[in-house]
Protein chains: 4
Amino acid sequence: MPPPQARWARRKDARPAEILDAALKVFAVKGYAGARMDDIAQAAGVTKGTIYLYFDGKEAVFKSLVRDSIGTALAGMDEARKSFHGSAKTLLRFALNTIAHLITTGDRAVLLKIILSESGNFPELARFWRSEIIDRGLARMSAIVELGIAQGEFRSLPVEHAVRLCMAPLLLSAIWRSTFAQFDVAPYDYQGLIDTHLDVLLKGLAP
Amino acid sequence: MPPPQARWARRKDARPAEILDAALKVFAVKGYAGARMDDIAQAAGVTKGTIYLYFDGKEAVFKSLVRDSIGTALAGMDEARKSFHGSAKTLLRFALNTIAHLITTGDRAVLLKIILSESGNFPELARFWRSEIIDRGLARMSAIVELGIAQGEFRSLPVEHAVRLCMAPLLLSAIWRSTFAQFDVAPYDYQGLIDTHLDVLLKGLAP
Amino acid sequence: MPPPQARWARRKDARPAEILDAALKVFAVKGYAGARMDDIAQAAGVTKGTIYLYFDGKEAVFKSLVRDSIGTALAGMDEARKSFHGSAKTLLRFALNTIAHLITTGDRAVLLKIILSESGNFPELARFWRSEIIDRGLARMSAIVELGIAQGEFRSLPVEHAVRLCMAPLLLSAIWRSTFAQFDVAPYDYQGLIDTHLDVLLKGLAP
Amino acid sequence: MPPPQARWARRKDARPAEILDAALKVFAVKGYAGARMDDIAQAAGVTKGTIYLYFDGKEAVFKSLVRDSIGTALAGMDEARKSFHGSAKTLLRFALNTIAHLITTGDRAVLLKIILSESGNFPELARFWRSEIIDRGLARMSAIVELGIAQGEFRSLPVEHAVRLCMAPLLLSAIWRSTFAQFDVAPYDYQGLIDTHLDVLLKGLAP
DNA sequence: TATGAATGAGTCTTCATTCAT
DNA sequence: TATGAATGAAGACTCATTCAT
């Protein structure tokens, strides 16, 4: 709970990020329509009106949220991959572990859920995600798989399917974490899933 | 005098199913909050008031929808599996193909999306799905995997992870179909994904 | 006070007119912005939501109000004038008395006030009134004055000014009635004003 | 070092008038409720907060505006009239021309519009105007008309009506200028109206 | 003296629900 | 059984006002 002094604190530059953080949490739980501006405001430690100083409205908050969270995640992965050299196997192992880490920490996983939920109401956002996150992610993964096939590390398989097989358990992790994990009696071992996935996958892909 | 069936035909027995079908479509696109009773009524070919003759309200429609669609799908699979005898490999192949068929035809895929979207607003439904669909589905799959390990067809691997690996591409199919497929230029080959999945998976699981 | 029975009376066809009548009264007193939908609804004997069954919103109510009240008033005058034949003097006398009657009875006078008030916020309505009411009214009056000049009943004077001189006391009546009459200790004698106006005007216009 | 006058120049004495000037313009266009403090502040070249240094709030600005603008106009006319001696005709001619000048120049005409608009929301201001402006103006005009009748220059007519006939075209000018003139293709000749008015009026009033 | 970020009461608008027909 | 006009609670958004700087 924040110290009750300073109801009138002025922090112009910090506000937008705080509001988006709060919005992410609220949207994740309530969905777009179910989230009230009051909820978001309260979560951000401000009042309703303040949100309107920084955003045009609820939809603008939502769109900012979705758009802002792209580069951050993907760019980090790109950076890491550039500085990496090795076999396709090692690369794949590294890539999946990196993405798994992104998904299983922080609030990023819920964004996927939000996009799924609201693809009907905001098709342009679904398209945006499709092209900016999904397609770009698949393209990177494709490069790795194709490299592996070219170097004789992997069998020759349809790449479009193979890359989805690589990603599928990560998707499952994200969904599990954001929706069903709350009912787990014992916390699920996501790392164990990834390890097993890599074990099975690499053996399955081997020539 | 014209036949008196006309507009006010009494179809007390057919109505609830018609309304639920309509509701499924509307909820899938708009989400729970975004769906208006008017939308559902129109999709069902009745007016708002009629829905209240058969359901207590919006929430009751939604809950009926989610609860009703369980048995149907899962029971069918159970039935088929009982009459089936063979190796764990064949069983796994059969099970995944059956589920894939359920997912890639009809409107069932969107139910998953609905549950994900509304797990925050209706936690009891998420719990219900978790226990009635997910856990039961995982249990059946576990039985197959354990059988395979026991019979020496599969390597000894953590079953809880292995079953999720089996299911993950199906989950991806469902999500792809209900959310991102609309932006595909060429329709995605779901069967190809399943075939490749089984190919890689069974090789990966082999001792 | 209306009988308290029948909160749920259904009178689809009567509602729009009732709402517009109520809106006229409320807008006249409070102005556009100051009028609350609740006020209008209450004045119309319905609730807020009902207004939205018949109008798209506050602005639509306002615009309907202004547009609807044109033909009614002006058309009646036209009709009467067509069946009238006589000297320009008699015609002028008849026309001014007719308009004066329109202005000093019913709620029409407040419409002018509303237009004046909101010409800044709804310029298209001011333009509409200008062209549909003012210009058409001035044109009719011009015809009379020009007739009088042609027939030698009136002096030759700039018609554009003369017609405004004819109308000005009517405008004053409308404004007085809708704004300042409320503070009169004794009710003002509008008919006396018109009589004096015609007396002075016709003498002033005479050759 | 640059001269320190800059943004924060203290202009305690000039501010109130600047703000009222700005407020007059904004109220005239938007009406009372439609005018935002931000609008007024911007028009005055200050920020919202500054207005509150000089006025208690929006209503205070509005009331100051209406009250302040009385003496100025009327007092000037009084002054001029005192130093004037001649026939009632000449006096009337002078008075109407003076008022017409006041109305057709500067921003005074819009004040009338504001009073009309807000007489419902601020009845005390309407009463104030009624007594301070209207009644006093009518009283002065009555003196002239009565003088004319007493001196045999004018016919014996009901003075209460005659004075309104004198003023009506001025009122029309004010309203035309503040509301409908914006749609004129050619600028209206207000002086021509007054000239014609005096021509017709004086002839009409003559015995 | 001046600023402008922050507040929160007030309104429009939507839509689930009711009920007379 | 079916309709759809009417209701009213709920929530997005605005803007007059406050106050730390």
Problem set entry | Set of residues satisfying side chain to side chain contact (heavy atoms under 4.5 Å, CB included) with respect to C:E18, sequence neighbours excluded | C:R11, C:A14, C:R15
Exercise. Want to settle it: does C:L53 or A:Y52 sit nearer the 5' end of DNA chain F, counting the closest nucleotide to each?
Worked result: C:L53
Exercise. Has the side chain of B:K58 got a donor or acceptor that lies under 3.5 Å from a partner of the other kind on the base of E:dT17?
Worked result: no
Enumerate, atom names and distances included, each donor-acceptor pair closer than 3.5 Å involving a side-chain atom of residues 45-52 of chain A, sequence neighbours excluded.
none

Exercise. Can you list the residues that meet the salt bridge (charged side-chain N to carboxylate O under 4.0 Å, His left out) rule with A:E59, with sequence neighbours excluded?
Worked result: A:K63
Problem set entry | All ring-ring contact (aromatic ring centres under 6.0 Å, His included) counterparts of D:F122, not counting sequence neighbours | D:Y32, D:F62
Exercise. Atom CD1 of C:I51 and atom P of F:dG8: how far apart are they, to the nearest Å?
Worked result: 13 Å
Problem set entry | Minimum-distance pair of heavy atoms, taken over all atoms of D:N121 and C:K30 | ND2-O, 2.8 Å
Exercise. Near DNA chain E, which residues from residues 114-123 of chain A have a heavy atom under 4.0 Å away?
Worked result: none
Problem set entry | For atom CD of D:E18 and atom P of E:dT1, their distance in whole Å | 15 Å
For this session: Report yes if a donor N or O on one partner sits less than 3.5 Å from an acceptor N or O on the other, where the partners are the side chain of A:K48 and the base of E:dT7; otherwise report no.
Result: no
Exercise. Mapping D:G45 and A:G45 to their closest nucleotides on DNA chain E, which lands nearer the 5' end?
Worked result: D:G45
Exercise. Please give, in whole Å, the distance from E:dA16 C1' to B:E59 CD?
Worked result: 12 Å
Problem set entry | Gap separating the CD atom of D:E124 from the CH2 atom of D:W129, nearest 0.5 angstrom | 15.0 Å
Problem set entry | Interatomic distance, B:L20 atom CG to B:F27 atom CZ [nearest 0.5 angstrom] | 9.5 Å
Exercise. Quick one: is A:T50 getting a side-chain N or O under 4.0 Å of the E:dA5 phosphate, OP1 or OP2?
Worked result: no
Problem set entry | Distance in angstrom units between B:Q42 CD and E:dC15 C1', rounded | 15 Å
Problem set entry | Pairing residues for A:D21 by the salt bridge (charged side-chain N to carboxylate O under 4.0 Å, His left out) criterion, not counting sequence neighbours | none
Return all side-chain donor-acceptor pairs below 3.5 angstrom for residues 109-116 of chain B, not counting sequence neighbours, or 'none' if the list is empty.
residue, atom, partner, partner atom, Å
B:K113, NZ, A:S119, OG, 2.9
B:K113, NZ, B:S178, O, 3.1

For this session: Check each residue of residues 32-40 of chain C for a non-hydrogen atom within less than 4.0 Å of any atom in DNA chain E, then write out the ones that pass by number, or none.
Result: C:A35, C:R36, C:M37
Exercise. When you measure from the side chain of C:Y54, which nucleotide among F:dA6, E:dA2, F:dT7 comes out closest?
Worked result: F:dA6
For this session: Using heavy atoms to find the nearest nucleotide of DNA chain F for B:T47 and A:G49 separately, return the residue whose nucleotide is more 5′.
Result: B:T47
Exercise. With sequence neighbours left out, what residues match D:K25 under salt bridge (charged side-chain N to carboxylate O under 4.0 Å, His left out)?
Worked result: D:D107
For this session: Measure the distance from CZ on C:R15 to C1' on F:dA6 and round it to the nearest whole Å.
Result: 8 Å
Exercise. Dot-bracket for DNA chain F, 5' to 3', with Watson-Crick and G-U pairs under 3.5 Å, [ ] for crossing pairs and | for other-strand pairs: what is it?
Worked result: .||||||||||||||||||||
Exercise. Taking only residues two or more places apart in sequence, or in another chain, which ones meet B:R36 in a salt bridge (charged side-chain N to carboxylate O under 4.0 Å, His left out)?
Worked result: B:D39
Problem set entry | Qualifying residues under side chain to side chain contact (heavy atoms under 4.5 Å, CB included), relative to C:A43, sequence neighbours excluded | C:A22, C:V26
For this session: Would you kindly give the CZ-to-P distance between A:F62 and F:dA12, to the nearest whole Å?
Result: 14 Å
For this session: Using atom CD1 of C:I19 as one end and atom P of F:dA5 as the other, report the distance to the nearest whole Å.
Result: 12 Å
